[in-house]
Structures are given as C-alpha cells and as structure tokens.
Amino acid sequence: MITISWNTRKFQVALTEEEWDTCTVRDLKEKCHRITAIPLEQIKLLAYGAVMKKDDAPLSQYGVREGSQLRLLASKGEQQQGLKTKLEEKTTLAELERIQAKLTDTLLPEIEAYQKEVQAHNSSASSRADDADDAKHKLITRGLYFGEVLMQVLFEFDGVACSPTFEKSRLMRKEGVKVSQELLERVDRIRDSIL
C-alpha cells in the first residue's frame with residue numbers, strides 16, 4: 001500500500017505482489033488519475049523529496065516500497081481542470097445513457113413486436129388475399145419508420161463528442177452505434193421478409 005498526499009487530502013494506492021515488480025511511475029500516475037481526475041501529463045509525484053521524472057522507470061528506482069508515502073503535485077488550475085473534465089465526462093455518459101435507453105427500452109421492444117406482426121402476417125398472407133396488400137403496405141411503412149428512427153439514433157450517438165480521455169464514454173458510444181447498426185440490419189431483414 002502506498003499513501004499519496006495531495007494538498008490536504010490523502011489516499012492510498014494498493015498494489016498486488018506482481019504489480020510491485022512491474023509497476024512504473026506512469027502506472028502509478030494512472031492510478032492517481034483515476035482517483036483525482038487530474039490529467040496524467042499534469043501529475044507530478046515526489047518520493048522522498050525527489051520528483052519522479054521518468055515515467056517508464058520502475059517504482060523501485062525511486063526507493064518506493066510497501067508503506068511508502070509520496071506527494072502528488074498539481075496546480076489549483078490543473079486540479080480544477082481535472083474536476084471539470086470529470087464533470088464533462090459524467091455529462092457525456094448521461095447523454096449516452098439517455099440515447100442507449102431510448103434504443104433498448106423503447107425501440108427494441110417495438111422492433112420485436114414488429115417482427116412478430118410480420119411473422120403473423122406471413123403465415124396468414126395466403127388465406128387473406130384481399131387485405132394482404134393493405135397489411136403488407138402498412139408493415140413495410142412501419143419498417144421504413146423504424147429504419148428512419150434508428151438512423152436518427154445513430155446520428156444522436158455520432159453527435160455526442162467524446163474526448164480522447166473519456167474512455168468509458170467512447171466505449172459506450174461505440175457499443176451504442178454497434179447495437180443501432182445491428183438493429184437497423186435486423187429491421188431491413190424483417191421488412192424484406194414480408195410476403
């Protein structure tokens with residue numbers, strides 16, 4: 001366990017036995033970044049009064065071992081920027097969650113119901129030839145509607161700006177786009193199956 005002092009706060013960073021052998025200064029800075037939200041390039045760590053300058057150096061090079069106490073330095077502006085960045089990512093995640101909920105909670109059940117309607121129509125299409133053209137037209141139109149709504153969802157995902165440092169947001173947006181595209185292909189297959 002390493003204790004990090006940052007202004008008036010202290011926090012601890014735990015390392016496994018394997019990590020003690022391989023942990024570099026950069027690895028430790030990344031752990032500090034996750035706790036403080038200070039950008040990596042703005043974090044300076046001090047061990048026994050010396051700045052740990054070499055990011056690729058093992059912690060042992062600076063005499064860091066179990067129970068060591070280090071200091072983290074960052075100017076107030078850098079700390080505020082870190083907090084601002086954390087808030088921006090939280091806002092971005094909330095927007096992505098809103099779009100994702102629209103996709104999974106609203107559109108997915110409607111598309112599944114649409115698929116069942118198409119299957120029911122296809123199984124009874126030969127017995128009701130008179131109404132079949134009108135029902136077919138309505139089902140095709142509904143499929144086109146779902147296609148348009150899914151394209152709008154894709155544009156919504158695309159419109160969410162994710163900073164390169166917002167890894168969770170970028171992964172969530174990527175997954176949302178993938179699910180939207182899969183649903184769009186599914187709707188196209190369902191619509192193409194209408195007899």
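All values derive from a computational prediction rather than experimental measurement.
Residue-environment remark: CD (E17) stays at or below the threshold of 12 foreign heavy atoms within 6.0 Å. Annotation: Q61, atom CD; neighbour count of heavy atoms from other residues, nucleotides and ligands within 6.0 Å is above 12. Heavy-atom neighbours of Y145 OH from other residues, nucleotides or ligands within 6.0 Å: at or below the threshold of 12.
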*In sequence, state the C-alpha distance, the side-chain angles, and the governing distance for L72 and S5, and then conclude on side-chain contact (heavy atoms from CB on, under 4.5 Å).*
CA-CA 6 Å; L72 185 149; S5 297; over 6 Å; no

*Given the rule in the side-chain contact (heavy atoms from CB on, under 4.5 Å) test, do D158 and V177 qualify, once you have shown the distances and angles that lead to the verdict?*
CA-CA 8 Å; D158 192 46; V177 167; over 6 Å; no

*Run the side-chain contact (heavy atoms from CB on, under 4.5 Å) check on Y62 and L45 step by step: do they pass?*
CA-CA 11 Å; Y62 292 97; L45 294 172; over 6 Å; no

*asked:* side-chain contact (heavy atoms from CB on, under 4.5 Å) for K10 and I4? Distances and angles first, verdict last.
replied: CA-CA 6 Å; K10 286 187 178 189; I4 310 281; over 6 Å; no

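The pair E167-R170 does not count as a salt bridge, with every side-chain nitrogen at least 4.0 angstrom from each carboxylate oxygen. For the pair R26 and D56, the salt-bridge criterion is not met [side-chain N within less than 4.0 Å of a carboxylate O]. With respect to the salt-bridge test (charged N to carboxylate O, under 4.0 angstrom), the residues R191 and D188 qualify.
Remark: of the listed residues T22, V64, D21, T24, V64 is the sole one forming a side chain to side chain contact (heavy atoms under 4.5 Å, CB included) with L59.
Hydrophobic clustering keeps L171 apart from L154 (ILVMFWY residues linked when any side-chain heavy atoms are closer than 4.5 Å, directly or through intermediates). L96 and F166 sit in two unconnected hydrophobic clusters of ILVMFWY residues. Membership requires side-chain heavy atoms under 4.5 Å apart, directly or through other members.
Rounded to the nearest 0.5 angstrom, N122 CG and K136 NZ are separated by 9.0 Å. Between atom CZ of residue R98 and atom CG of residue D105 there is a gap of 12.5 Å, rounded to the nearest 0.5 Å. To the nearest 0.5 angstrom, E41 atom CD is 10.5 Å from D55 atom CG. A distance of 14.0 Å separates NE2 in H137 from CZ in R142, rounded to the nearest 0.5 Å. Interatomic distance, NZ of K31 versus CD1 of I2, reported as 9.0 Å (0.5 Å rounding). For the atom pair CZ (R186) and CD (Q181), the distance works out to 16.0 Å, reported to the nearest 0.5 Å.
In this structure the side chain of I38 reaches within 4.5 angstrom of the side chain of W6, judged on heavy atoms. Looking at heavy atoms from C-beta onward, I111 lies in side-chain contact with V187 at the 4.5 angstrom threshold. A heavy-atom distance below 4.5 Å is not found between the side chains of K54 and V25.
Considering every non-hydrogen atom in both E19 and A14, the closest pair reads OE1-O, 4.0 Å. Residues I190 and Y114 share a closest heavy-atom pair of CG2-CE2, 3.4 Å. Residues M1 and W20 come closest through the heavy atom pair N-CZ2, 3.9 Å. Of all non-hydrogen atoms in L15 and C23, the two that sit nearest each other are CD2-SG, 4.1 Å. For the pair L103 and G176, the tightest heavy-atom approach, listed with the atom from each and the gap, is CD2-O, 3.9 Å. Across R173 and V160, no two heavy atoms sit closer than the pair NH1-O, 2.5 Å.
In this structure a side-chain-to-backbone donor-acceptor pair under 3.5 Å is missing from K29 to L40.
For the residue pair Y48 and S68, a side-chain donor N or O sits within less than 3.5 Å of a side-chain acceptor on the partner.
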